[in-house]
Peer 1: 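Below you will find the structure I want to go over with you.
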Amino acid sequence: MTIPSATYRIQFRNGMTFDRVAGLVPYLKRLGISHLYASPIFTATAGSTHGYDVTDANEIDPAIGGREGFDRMVKALKAADLGLILDIVPNHMAASLENAWWYDVIEHGEKSRYARHFDIDWSRRLTLPFLGDTFEAALENGEITVKRDPDTGKPALAYYESFYPLNPETWADREDEVLALTDPAAIAALHERQPWRLMSWRDAPRDLSYRRFFEITGLVGVRVEEDTVFDDTHRLILELVRSGAVDGLRVDHVDGLADPKAYLERLRRETGPECYLTVEKILGEGEQLPADWPVSGTTGYEFVAALSDALVDGGKLDTLRDAYDEVVGKPVDMKAELRAAKLLMVDRNFEGEFTTLLRIALEIAGAQGSKQDEQAVRAALRELLIAFPVYRTYGTQAGLPPEGRQLLQKVVSKVNAGAHAPDPAALAFITQILTGEVSDAAAAQAATFRTRFQQLTGPLMAKSVEDTLFFRQNMELALNEVGAEPIPGDFSLKRFHAEMKTRLDHQPDALSGTSTHDTKRGEDARARLYTLTEAPARWAECVARWRQMNQSKVSMLDDGAAPKAAGAWMLYQALAGVWPVRLQPADAAGLKALEERFLAFVEKALREAKLRTDWADSNDAYEEAVLNYTRHLLSPDNPAFLQDFVSTLQPFIRAGLVNSLTQTVVKLTAPGVPDIYQGSEALNFSLVDPDNRREPDFTALEKMLDGFEKPTAATEQDWLSGRVNQHAIAKTLRLRQEKPALFRKGDYLPLTATGTWARNVITFARVDGDDALIVITPRLVLGLLQESNSLPHKQRFSGTAIALPDALANRRYRDILSGEEIALTDRLTLESVDCCSAVILVSLP
């Protein structure tokens with residue numbers, strides 16, 4: 001198997017096509033990329049901005065160039081000796097009339113060839129939750145009529161531009177009569193005879209007959225665990241791999257599958273041993289990917305979390321927490337906040353999925369002849385779901401594997417000992433179902449329960465933490481990231497080094513990402529916000545001052561101030577993270593461009609928090625009040641605040657740029673395969689999607705790469721543009737191509753600095769036989785930049801040294817970034833190292 005030395009993620013659609021990517025191949029080659037990493041390319045719903053809403057898994061989307069365009073791109077990649085990794089979506093497809101399989105299921109119900117392709121509960125009619133109101137109300141308002149489908153010519157129930165096909169058995173002998181129906185009662189009767197029923201989108205959380213992707217009713221679960229379904233959904237994927245056009249696959253949301261291990265084993269058999277496979281999966285703290293999965297690793301969310309250990313000033317975090325608590329008005333109990341978020345998800349957003357589990361459990365009790373109190377079982381199931389600490393276990397038809405049993409018992413013990421402990425007998429009953437300790441008569445139902453339980457814990461965790469808690473609690477936004485712990489532990493270099501050693505042991509070939517299409521903010525926005533932990537008191541003082549300056553724009557509503565103090569804290573911090581490095585208060589056009597992006601983020605943040613407004617029930621008065629406050633922050637008519645904000649932000653901006661270089665260098669040299677998200681080779685200050693899916697300026701990036709081969713001193717312009725990072729990437733990726741074994745298999749050796757600036761450096765080595773690499777990068781430099789905001793900075797790490805073990809000592813090295821050569825003994829002094837630059841020393845023969 002060829003392991004990539006570096007991948008480059010491209011988001012297709014929104015103007016990005018195969019031919020345009022083919023034109024970028026020379027740039028990617030110069031940058032040192034080995035594999036293009038493509039977002040989903042198969043046909044998706046019209047106007048899709050991301051491609052995860054697949055409508056035809058066996059057609060390459062004409063909207064981005066179709067098969068011919070794809071082949072041209074592959075030809076360009078192969079000519080440059082670049083590989084291709086595809087993002088595939090086995091868990092779900094679009095529940096859209098554009099999806100021929102879904103359309104066929106609507107039309108023919110259980111008799112459709114595809115009735116079992118989708119994860120549908122056929123004990124009742126297929127629910128179609130795409131009305132703005134109830135069916136009765138829509139019918140009464142004349143919004144539902146009988147018309148011919150303009151595409152098929154067949155009778156359909158028409159709702160605006162959507163035409164839901166009628167089952168042929170309900171109109172075949174009386175087509176004209178059916179098409180002539182205008183009486184609401186007759187239309188309602190016709191609707192009742194269909195294998196499906198239209199309903200309001202608001203009823204989906206409690207009354208859905210199919211498994212969906214998270215909370216998205218427009219994405220229906222696919223039963224890829226069935227051989228026929230696997231074959232039908234992977235026909236083109238496997239053709240592309242077997243033909244050599246595609247070298248690797250990234251499996252989207254692997255935890256959504258009924259049996260991830262079995263799926264991956266089948267995928268491995270079908271693709272062969274040479275195909276590079278990774279899975280999108282969030283690992284909890286201390287959790288590792290199952291060792292028996294035939295994949296190279298994850299897509300790297302845990303790597304982002306590890307970087308926070310290296311770049312957060314853990315010793316000052318309590319000060320920031322105290323300041324935030326004061327703004328909130330009381331100490332924030334994160335355990336209680338997490339529980340509240342999970343309760344909301346169980347009781348409201350996933351009410352239907354929870355109710356299905358409860359029903360199955362009670363049916364199992366009946367099949368076994370055991371008496372179970374429904375309320376007791378409900379409470380036990382609820383508490384077990386709330387307490388689950390990771391995305392899921394990996395039980396099969398046969399029960400839970402040993403590691404799954406151990407985790408379950410640990411969670412059960414925690415629940416029994418907790419303040420909300422349910423009836424022990426009811427909890428034991430649920431546990432027995434999950435472990436398969438049931439009668440033969442109930443075994444099949446128990447397997448169904450186990451699968452459904454495991455498919456629910458992941459979405460429950462994601463929506464509770466990433467899409468609720470992380471928008472409610474905003475002490476340090478950089479820590480509110482996909483893959484981060486809801487209740488973080490201590491931050492330290494020791495933890496970072498331990499995680500890197502673990503990474504080398506368990507998944508050295510996994511992707512190491514720092515930005516993705518799903519991260520909450522771009523990597524350089526996070527890098528800047530990490531610096532707030534270095535000056536928490538100063539940050540709190542600034543927020544207090546800015547709140548006072550803009551107090552006149554706070555609205556007093558019936559449900560309180562808008563924004564409240566904690567909301568303002570979030571706004572100022574989010575704005576600090578995204579603020580363009582060169583934007584000045586007098587730049588009205590720049591402020592307007594930022595406002596457009598930032599307002600979209602604020603609206604999403606308010607709704608995701610689900611406190612005073614929500615996606616389901618928006619509070620227009622509250623939202624408009626906060627948006628108006630935000631507009632005022634970015635108005636040229638607010639010069640006093642803008643001058644203060646921009647001036648105050650300068651040291652944080654500069655220190656953040658240093659962090660940006662550090663996280664780039666660490667990603668390039670630590671265990672794992674570095675993944676560059678489009679445009680992030682320079683600077684990425686994006687906000688949550690869709691902002692993070694904007695296309696970068698590739699023309700500027702290509703021009704900026706010129707001259708990277710020559711060792712030249714970085715200028716301030718190089719820092720502000722991100723050219724420093726881009727050139728470091730290009731130089732280091734060439735070394736990765738020259739010495740693949742060093743980066744893939746080389747030992748990871750944490751090094752210890754001593755002296756004046758010991759806590760301000762991250763230093764480690766990679767060693768493979770005679771090849772060695774020493775990495776030195778700065779951290780916690782905000783204090784060093786207070787006296788001067790200039791970059792490059794002239795202060796050196798004087799009085800600081802690193803002891804070298806025998807494997808590194810008494811050798812000559814070359815710094816691949818500066819080109820300088822150096823002879824080392826058993827000690828590396830940092831007298832000549834700029835406190836804001838990185839050093840990557842590679843051993844010479």
Side-chain angles (χ1 to χ4, degrees), residues 304 306-316 476 478 491 493 496 514-515 521-536 538-539 576-582 648-670 680-685 713-729 731-732 753 756-764 775-798 800 815 817-818 830 832-840:
V304 176
L307 283 172
S308 66
D309 276 317
L311 297 176
V312 165
D313 192 339
K316 296 179 181 177
E476 169 51 280
F491 293 85
L493 277 178
F496 168 76
T514 38
S515 294
R521 47 189 39 84
E523 60 196 67
D524 302 298
R526 275 198 315 275
R528 183 185 295 171
L529 292 177
Y530 287 142
T531 68
L532 304 186
T533 67
E534 301 177 54
R538 191 195 331 171
W539 175 252
V578 76
W579 192 268
V581 292
R582 298 185 185 88
T648 301
L649 208 57
Q650 293 311 303
F652 295 102
I653 286 176
R654 298 311 198 271
L657 291 173
V658 175
N659 277 351
S660 293
L661 176 61
T662 289
Q663 69 182 359
T664 295
V665 168
V666 169
K667 178 171 70 173
L668 297 171
T669 55
S680 297
E681 64 268 35
L683 294 173
N684 179 349
F685 294 106
T715 66
E716 181 178 20
Q717 172 63 21
D718 292 335
W719 280 95
L720 297 181
S721 67
R723 191 169 186 256
V724 168
N725 300 343
Q726 185 198 45
H727 283 208
I729 289 171
K731 292 174 180 178
T732 309
T756 308
W757 305 106
R759 72 186 299 267
N760 298 97
V761 294
I762 307 167
T763 180
F764 57 87
V775 179
I776 306 165
T777 59
R779 66 187 290 263
L780 309 182
V781 300
L782 181 67
L784 303 178
L785 295 175
Q786 287 186 16
E787 298 302 322
S788 171
N789 287 332
S790 65
L791 283 175
H793 201 68
K794 298 304 181 185
Q795 185 166 335
R796 306 289 180 177
F797 281 129
S798 58
T800 307
D815 182 352
L817 300 184
S818 69
L830 304 186
S832 62
V833 176
D834 187 329
C835 72
C836 293
S837 295
V839 174
I840 305 176

Peer 1: Looking only at heavy atoms, what is the nearest atom pair of A714 and V724, with distance?
Peer 2: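 Nearest heavy atoms, A714 then V724: CB-CG2, 3.7 Å.
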
Peer 1: Checking L529 against R521 for the side chain to side chain contact (heavy atoms under 4.5 Å, CB included) test, could you report, in this order, the C-alpha distance in whole Å, the side-chain angles of both residues, the deciding distance, and whether it holds?
Peer 2: CA-CA 10 Å; L529 292 177; R521 47 189 39 84; 3.9 Å; yes

Peer 1: Please verify the inter-ring angle class for F496 with F764; under 30° counts as parallel, over 60° as perpendicular, anything in between as tilted.
Peer 2: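 It falls in the tilted class, 30° to 60°.
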
Peer 1: Donor-acceptor check, side chain of S515 to backbone of G522, threshold 3.5 angstrom: yes or no?
Peer 2: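 The answer is no, because no donor-acceptor pair under 3.5 Å joins these two groups.
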
Peer 1: Once side-chain hydrogen bond (donor to acceptor under 3.5 Å, both in side chains) is applied, what residue pairs with a partner in residues 655-669 remain, sequence neighbours excluded?
Peer 2: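 Every pair satisfying side-chain hydrogen bond (donor to acceptor under 3.5 Å, both in side chains) with a residue in residues 655-669: T514-K667, D524-S660.
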
Peer 1: Apply salt bridge (Lys or Arg N to Asp or Glu O under 4.0 Å) to R528 and list each qualifying residue two or more places apart in sequence or on a separate chain.
Peer 2: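 Salt bridge (Lys or Arg N to Asp or Glu O under 4.0 Å) list for R528, sorted by chain: empty.
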
Peer 1: Tell me whether R779 is salt-bridged to E534, with the criterion being a basic N under 4.0 Å from an acidic carboxylate O.
Peer 2: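 Salt bridge flag = no for E534 with R779.
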
Peer 1: About how many Å separate CG of L661 and CG of L817, when rounded to the nearest 0.5 Å?
Peer 2: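 Reported to 0.5 Å precision, the distance equals 7.5 Å.
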
Peer 1: If you round to the nearest 0.5 Å, how far is CH2 of W539 from CD of E476?
Peer 2: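 With rounding to 0.5 Å, CD (E476) is 9.5 Å from CH2 (W539).
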
Peer 1: Given L720 and L657, is the side chain to side chain contact (heavy atoms under 4.5 Å, CB included) satisfied, shown in steps?
Peer 2: CA-CA 8 Å; L720 297 181; L657 291 173; 3.9 Å; yes

Peer 1: If every non-hydrogen atom of V665 is compared with every non-hydrogen atom of A838, which pair is closest and at what distance?
Peer 2: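 Smallest interatomic distance, heavy atoms only, reads CG2-CB, 3.8 Å.
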
Peer 1: Find the distance between CG (N760) and SG (C835) and round it off to the nearest 0.5 Å.
Peer 2: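 Here the rounded value is 8.0 Å.
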
Peer 1: What distance separates Q726 CD from S721 OG, expressed to the nearest 0.5 Å?
Peer 2: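 Between atom CD of Q726 and atom OG of S721 there are 8.0 Å.
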
Peer 1: Are R796 and D834 side-chain neighbours, meaning at least one heavy-atom pair lies under 4.5 Å?
Peer 2: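 The answer is yes, as the side chains (C-beta and beyond) meet within the 4.5 Å cut-off.
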
Peer 1: If I take atom CG from residue D309 and atom CG from residue L493, how far apart are they, to the nearest 0.5 angstrom?
Peer 2: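 One finds 8.5 Å between CG of D309 and CG of L493.
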
Peer 1: Looking at every non-hydrogen atom in both residues, tell me the closest pair between I776 and L830 and how far apart they are.
Peer 2: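 Heavy atoms only, the tightest pair is CD1-CD2, 3.8 Å.
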
Peer 1: For L782 and T531, which heavy atoms make the closest approach, and how far apart are they?
Peer 2: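 For L782 versus T531, the nearest heavy atoms are CD2-O, 3.7 Å.
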
Peer 1: Identify the two heavy atoms, one from L307 and one from Y530, that lie closest to each other, and give their separation to 0.1 Å.
Peer 2: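 What the structure gives for the nearest pair is C-OH, 4.5 Å.
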
Peer 1: Is there side-chain contact between W757 and L784, with at least one heavy-atom pair below 4.5 Å?
Peer 2: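 Of all side-chain heavy-atom pairs linking L784 with W757, at least one is under 4.5 Å.
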
Peer 1: If you measure from CZ on F491 to CG on D313, what distance do you get to the nearest 0.5 Å?
Peer 2: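 One finds 11.0 Å between CZ of F491 and CG of D313.
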
Peer 1: Looking at side-chain heavy atoms only, is the closest gap between W719 and V581 below 4.5 Å?
Peer 2: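 No; the side chains remain at least 4.5 Å from each other.
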
Peer 1: Looking only at non-hydrogen atoms, find the nearest pair between P778 and S837 and report the distance.
Peer 2: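 That closest heavy-atom pairing would be CD-O, 3.3 Å.
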
